[in-house]
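One is the number of the first residue; the rest follow in order along the sequence.
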Amino acid sequence: MKILLGIIFMAVGVLVGKKSTDKYSSASKYYSSMLEFNRDLISNLEYKRVSVHALIKDKKYFSEDFSKTLNSAFGNDEDIFLPKYLDDAEKQQINDYLNNIGKITKDAELQFLQFAEHDILKSVNKYAEENKKYGDLGIKLGFAAGAAAFILIL
């Protein structure tokens, strides 16, 4: 019975550790999808020239949260969906980005998207680095806490 309880504590510790560091992997996926969307918009401006709504409808992005953001921004929703793992400055940046798409001339929008790509790429690299640094750390700390509880039970 004590061994089973100890194993449960270890499993819960690992799950809590993983959940605490999911922010970094989710944000990394979110910004990677945003970068892909930005590049799709640039190629659309230069070649296809279809509407943003048609572009969103045709493409499925890697991050489900980013797809929700796009659907809320270009759908009939009043508020734009922004995930909780983003801080306020990032939410404001994404909100400004989405509000400026499709509202200016082709040349101005192309410059805006190329400038935005630089900022998005910085965020992708930042969260990829943080995910690499902290992603495994949460699992290891959760396992260590669960192992400590297991030893204390025995």
Pairwise distance [atom1]([X]) to [atom2]([Y]) - rounded to 0.5 angstrom:
X      : Y      : atom1 : atom2 : result
Lys68  : Phe81  : NZ    : CZ    : 5.0 Å
Ile42  : Gln114 : CD1   : CD    : 5.5 Å
Asp79  : Ser72  : CG    : OG    : 8.5 Å
Phe115 : Leu110 : CZ    : CG    : 14.0 Å
Gln92  : Leu82  : CD    : CG    : 9.5 Å
Lys91  : Asp87  : NZ    : CG    : 8.5 Å

Between Tyr127 and Glu90: side-chain donor-acceptor atoms closer than 3.5 Å: yes
Between Asn38 and Tyr97: side-chain donor-acceptor atoms closer than 3.5 Å: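 Yes, Tyr97 and Asn38 have a side-chain donor paired with an acceptor closer than 3.5 Å.
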Is the number of heavy atoms from other residues, nucleotides or ligands within 6.0 Å of [atom1] ([X]) greater than 12?
X      : atom1 : answer
Lys126 : NZ    : yes
Phe66  : CZ    : yes
Leu152 : CG    : yes
Phe143 : CZ    : no

All side-chain hydrogen bond (donor to acceptor under 3.5 Å, both in side chains) counterparts of Glu117, not counting sequence neighbours: Arg39
Side-chain heavy-atom pair Ile101, Leu98 within 4.5 angstrom cut-off: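 A side-chain contact under 4.5 Å exists here.
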Note, Pro83 side chain near Thr69 side chain (heavy atom, < 4.5 Å): yes
Verdict with supporting geometry, Asn125 and Tyr31, side chain to side chain donor-acceptor pair (under 3.5 Å): CA-CA 9 Å; Asn125 292 335; Tyr31 275 108; over 6 Å; no
Tyr30/Ser123 under side chain to side chain donor-acceptor pair (under 3.5 Å): CA gap, chis, key distance, verdict: CA-CA 10 Å; Tyr30 187 89; Ser123 296; over 6 Å; no
With Lys122 via side chain to side chain contact (heavy atoms under 4.5 Å, CB included) - residues at least two apart: His118, Asp119
Heavy-atom donor-acceptor pair, [X] side chain to [Y] backbone, under 3.5 Å:
X      : Y     : result
Ser28  : Tyr24 : no
Asn100 : Asp96 : yes
Ser25  : Asp22 : yes

Same cluster or not: [X] versus [Y], using hydrophobic residues (I, L, V, M, F, W, Y) connected whenever any side-chain heavy atoms lie under 4.5 Å apart?
X     : Y     : answer
Leu45 : Leu41 : yes
Ile3  : Met10 : yes
Ile80 : Met34 : yes
Val14 : Ile7  : yes

Single hit among Asn99, Ile120, Leu86 for side-chain contact (heavy atoms from CB on, under 4.5 Å) with Ile94: Leu86
